[in-house]
Structures are given as structure tokens and as C-alpha cells.
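Here's the structure we're looking at; comments come further down.
Side chains included, hydrogens not; waters and symmetry mates left out as well; all remaining heavy atoms used.
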Amino acid sequence: MNTILSIAIAMLVGLLLTRVVKLVNLPNVTAYLIAGLIVRFLGGFAGIKLENLGEISEVALGFIAFSIGGEFKLSNIKKLGGKIIIITLVQALGACLFVMAGLFVAQIIVGKDQISTPLVLLLSVIATATAPAATLMVVRQFKAKGPVTDTLLPVVALDDAVGLIMFSINFAIAKVLVSGEAITVYAVAIEPLIEIGLSLAVGLVLGGLLALACKFFLSRANRLCLIVVVVFIGVGLAKIWPLSSLLTGMMTGAAFANFRKDSVKILEGPERWTPPLFMIFFILSGAELDVSVLASIGVAGIVYLVCRSLGKYFGAYVGASMVKSEKSVRKYLGITLLPQAGVAIGMAQLVFNTPEFSGTLGTTIMTIVLAATLVYELVGPVLTKISLERAGEIVKEKKEKTNGQTA
């Protein structure tokens with residue numbers, strides 16, 4: 001079976017499952033991930049193959065990052081003030097410290113031969129990453145609005161930036177511990193900052209050029225083409241330059257949203273075009289998950305799952321309390337930050353492909369992160385939806401229909 005036909009069948013399975021999950025009031029993203037698992041299972045029987053589609057996932061992540069950046073308007077940030085930065089830092093630090101403390105305790109119990117210090121350092125920073133794609137899909141599908149949603153989107157956008165910085169630092173330290181090299185300021189601090197700064201600078205330039213180009217291309221079709229071109233350029237540059245495609249895409253969307261007063265109207269174009277791309281991305285993510293890894297995550301994997309969840313929840317609660325956010329934000333924000341996928345898998349893949357971490361360390365981290373992704377991506381979006389609903393930010397369909405009839 002050729003690749004195109006395989007993709008078509010995978011999407012069809014995803015569409016059919018959305019009707020099934022709707023019966024139990026679950027978000028579409030859950031259906032897509034389950035569809036990926038089904039496609040993986042059917043692969044050996046029906047010849048369905050989705051290999052070598054990594055670039056589709058990279059492009060999808062580019063559009064996801066761009067979409068999140070588009071929500072990142074300075075006018076909204078000013079309303080929240082410094083709250084977002086404080087909440088983001090505290091919840092990211094909370095996840096990191098909880099996982100680090102839990103793994104060090106486990107290390108004392110089971111020994112360093114099973115849970116090494118580099119493993120602790122790497123998993124603790126991977127724990128900071130969230131899944132902006134899953135969060136965005138839930139928010140858009142159910143049209144969530146309110147203080148939790150207004151806080152969630154910019155926190156998710158900033159969270160991965162903070163996570164990447166922390167990961168770069170711990171990655172350098174772990175590499176030194178494994179290889180025996182000397183720790184340098186450049187490797188630990190300067191190099192990660194260069195990557196972050198360059199990514200933001202390139203995104204700013206691309207967003208500015210996109211905003212400028214929209215003055216000369218006025219039709220909806222041409223503007224949509226411009227957005228596609230700019231996102232493709234950002235993803236492509238990230239493959240040849242030392243850039244973070246996620247940060248570059250987010251900055252491109254943020255710059256465009258703030259340079260154009262009519263950005264909301266213009267961004268409606270890609271919102272209509274990207275759902276099929278997002279569907280493929282999540283189906284591919286589901287197809288990459290191997291259920292069999294659940295049996296081999298061990299003590300470290302269980303500690304990671306439990307401590308990351310606790311760290312995200314209490315970190316968000318403490319951060320929101322520090323800035324005196326609404327009660328609903330303090331109560332529900334942490335739960336909505338549980339989903340984890342692309343960025344975390346990317347970090348784990350980098351560890352796995354690094355020669356210094358080859359062997360048991362790289363394999364263990366990849367296994368734990370994939371197993372955690374399976375759990376978080378199947379359960380996380382559901383918990384996000386439930387949290388937003390209980391926070392009163394998702395209007396149920398029945399209520400919407402009743403209001404429509406009354407009007």
C-alpha cells in the first residue's frame with residue numbers, strides 16, 4: 001500500500017473515531033491519537049505504512065507554533081502584566097524540582113546503577129515541556145473562553161521556551177558527567193542563549209516581513225499562501241541553522257499578531273486550512289507510540305509520571321497564588337498543563353541520538369518519555385477539557401442551542 005493511500009486510511013479512521021469519542025464527550029485529539037495506535041496495529045496486517053513522514057510532523061509543529069504565537073498579543077499580555085511570566089517560571093520549576101527530587105529519592109532506594117545522575121538531570125528538565133498542540137486543539141474545538149484559557153495559552157507558549165533553556169543547560173551538564181569533559185560557561189550558558197536569541201530574532205524578522213507583505217497582497221487566498229510560505233521558511237531554516245523551530249514559529253506568529261491590527265481576521269485563513277494537517281500530526285504521533293513500552297518504564301518511569309503531574313499542578317497553583325489570580329486559575333490551570341508530546345519527544349530524541357548518551361541511558365529516557373506521552377496525550381486532553389468545563393469556560397452545546405433559539 002502506498003504512502004498516500006495509507007494517510008487517507010489513517011485520516012478516515014481518525015474521522016470515524018471522532019464520532020465515537022463524541023458519544024462519550026471526549027476531545028477530537030484523543031480520537032486522533034487512538035487512530036494512530038489502531039493504524040500502528042493494522043500496519044502489519046493491512047500493509048498500512050506511515051514511515052518517513054517526519055517532515056509532515058515538522059511542518060505541522062511549525063503551524064501549531066505559529067498559531068499559538070498568533071494568540072500572543074501584547075495587549076492581552078499587558079492586561080495580565082507580569083503574572084504570566086511568574087506563573088510560567090514557577091510551574092516549570094515545580095515540575096523540574098518534583099521530578100528531580102522524586103528520582104533522587106528513587107536513586108537512593110534502587111541504586112545509581114538503575115537511576116544515574118545524568119538520567120535524573122535530563123528527565124527533570126524534559127518534565128517541564130508541555131504539548132501546545134493538544135492544548136490548542138481542545139481550546140479551539142470547544143471554543144473555550146475565560147481567565148483560565150487566557151492564562152493557559154501564553155503560559156504554554158512561554159513554557160517550552162523556559163523548558164528549552166533549562167534542557168540545554170542540564171543537557172550540557174549531563175554530557176560532561178558522562179564523558180568526563182570539563183564544564184565550561186559557553187557550553188552551559190552561552191550556547192543555549194545563542195540558540196534561543198537567534199530563534200526569536202529570526203521569528204521576529206519573518207513575522208515582520210509577513211505583516212509587511214500583507215499590505216501588498218490583499219486577497220484571502222494570497223495571504224494564506226504567504227503564511228504557508230513564511231512558516232515553511234521558518235521550519236526550513238531551523239533545519240540548517242541552530243534554531244528551535246518551535247520558538248521560531250511562535251515568535252513569527254506573535255510578531256505578525258502585534259504588527260497587524262487585523263491579524264485576527266487574517267489568521268482565520270490558516271485556521272480553516274490547518275485542521276487536516278493537525279489531524280495527520282496527531283495520528284502520526286499516535287502511530288509512533290508503542291504500547292509495549294509501558295511494561296518496561298520501571299521505577300524511574302512511574303516516578304516521572306507521578307512527580308511531573310504533581311509538580312505541574314502545585315507549581316501552577318503556587319504561581320497563580322503568588323500573583324493573586326482568580327480561584328479558577330489556581331484550581332484548574334495545573335491540570336490543563338499535563339499534556340506532553342512533541343517538544344518532550346524531540347528532547348528525548350536528541351538525547352537518544354547523542355553519542356555520549358548511546359546505550360542504556362538514551363534508550364531508557366526515550367522509553368520513559370514515549371510511555372509518558374502515551375499516558376499524557378490520551379488522558380491530558382480529556383482532563384484539560386473537563387477542567388475548562390468546570391471552570392465555566394466551555395459552553396455546552398445544549399446551552400448554545402437554547403440561547404440561539406431564545407435570540
Side-chain angles (χ1 to χ4, degrees), residues 87-132 134-135 155-156 158-175 177-178 188 192 293-294 296-319 333-352 357 360-377 379-380 383:
I87 293 174
T88 303
L89 291 175
V90 174
Q91 62 83 28
L93 189 61
C96 179
L97 291 179
F98 265 71
V99 172
M100 185 177 290
L103 288 173
F104 271 129
V105 171
Q107 184 187 73
I108 295 174
I109 297 173
V110 303
K112 289 187 177 181
D113 56 330
Q114 293 190 40
I115 301 178
S116 64
T117 299
L119 178 73
V120 175
L121 293 176
L122 292 168
L123 282 179
S124 62
V125 287
I126 291 175
T128 63
T130 52
T135 302
V155 165
V156 169
L158 283 174
D159 180 64
D160 285 326
V162 175
L164 284 170
I165 294 173
M166 295 173 67
F167 174 77
S168 299
I169 295 173
N170 276 21
F171 183 85
I173 296 174
K175 187 186 292 185
L177 291 176
V178 171
V188 173
V293 301
L294 287 175
S296 60
I297 61 173
V299 175
I302 295 173
V303 171
Y304 178 85
L305 279 169
V306 174
C307 290
R308 179 182 180 274
S309 301
L310 293 174
K312 282 291 182 182
Y313 181 81
F314 287 109
Y317 187 92
V318 171
L333 179 63
I335 300 175
T336 64
L337 294 172
L338 291 182
Q340 187 178 47
V343 176
I345 292 176
M347 292 178 179
Q349 191 70 51
L350 179 60
V351 173
F352 186 78
F357 301 132
T360 304
L361 179 60
T363 302
T364 301
I365 288 178
M366 178 61 76
T367 300
I368 290 174
V369 172
L370 285 176
T373 298
L374 175 61
V375 175
Y376 284 129
E377 284 297 271
V379 178
L383 293 179

Heavy-atom pair with the smallest gap, counting every atom of L177 and P118: CB-CG, 4.2 Å
Validation row: L123, V369 side chains within 4.5 angstrom (heavy atoms): yes
Nearest heavy atoms of I115 and A106, plus distance in Å: CD1-CB, 3.6 Å
Distance, nearest 0.5 Å, that separates CE of M366 from OG1 of T373: 9.5 Å
Nearest-0.5 Å distance that lies between atom CG in L361 and atom CG in L122: 6.0 Å
Spacing of L305 atom CG and I302 atom CD1 [to the nearest 0.5 Å]: 8.0 Å
Minimum-distance pair of heavy atoms, taken over all atoms of A300 and L119: CB-CD2, 4.3 Å
Closest non-hydrogen atom pair between P339 and G380, with its separation: CG-C, 3.7 Å
Inter- and intrachain pairs under salt bridge (Lys or Arg N to Asp or Glu O under 4.0 Å), touching residues 306-315, at least two apart: D159-K312
Q114 side chain vs G111 backbone, donor-acceptor pair below 3.5 Å: no
From CD1 (I87) to CG (L337), nearest 0.5 Å: 9.5 Å
F352 side, atom CZ; T364 side, atom OG1 - distance, nearest 0.5 Å: 10.5 Å
Test side-chain contact (heavy atoms from CB on, under 4.5 Å) applied to S309 - qualifying residues, sequence neighbours left out: L338, Y376
Value rounded to 0.5 Å, distance of CG in L97 from SG in C307: 11.0 Å
Flag, side chain of Q340 to backbone of I126, donor-acceptor distance under 3.5 Å: yes
Heavy-atom side-chain proximity of M347 to F171 below 4.5 angstrom: no
Over 12 foreign heavy atoms within 6.0 Å of OH, Y313: yes
F98 ring center within less than 6.0 Å of Y304 ring center: no
Minimum heavy-atom distance A129-A344, with the two atoms named: CB-N, 4.1 Å
Pairwise side-chain contact, F167 with V351, heavy-atom cut-off 4.5 Å (strictly under): yes
Derivation of the side-chain contact (heavy atoms from CB on, under 4.5 Å) call for Y317 and Q91: CA-CA 8 Å; Y317 187 92; Q91 62 83 28; over 6 Å; no
Residues which pass side-chain contact (heavy atoms from CB on, under 4.5 Å) with C96, listed by chain and number, not counting sequence neighbours: M100, S124, V125, T128, M166
N/O donor-acceptor pair under 3.5 Å between T367 side chain and T363 backbone: yes
Test log, rule side-chain contact (heavy atoms from CB on, under 4.5 Å), inputs V303 and V99: CA-CA 7 Å; V303 171; V99 172; 5.8 Å; no
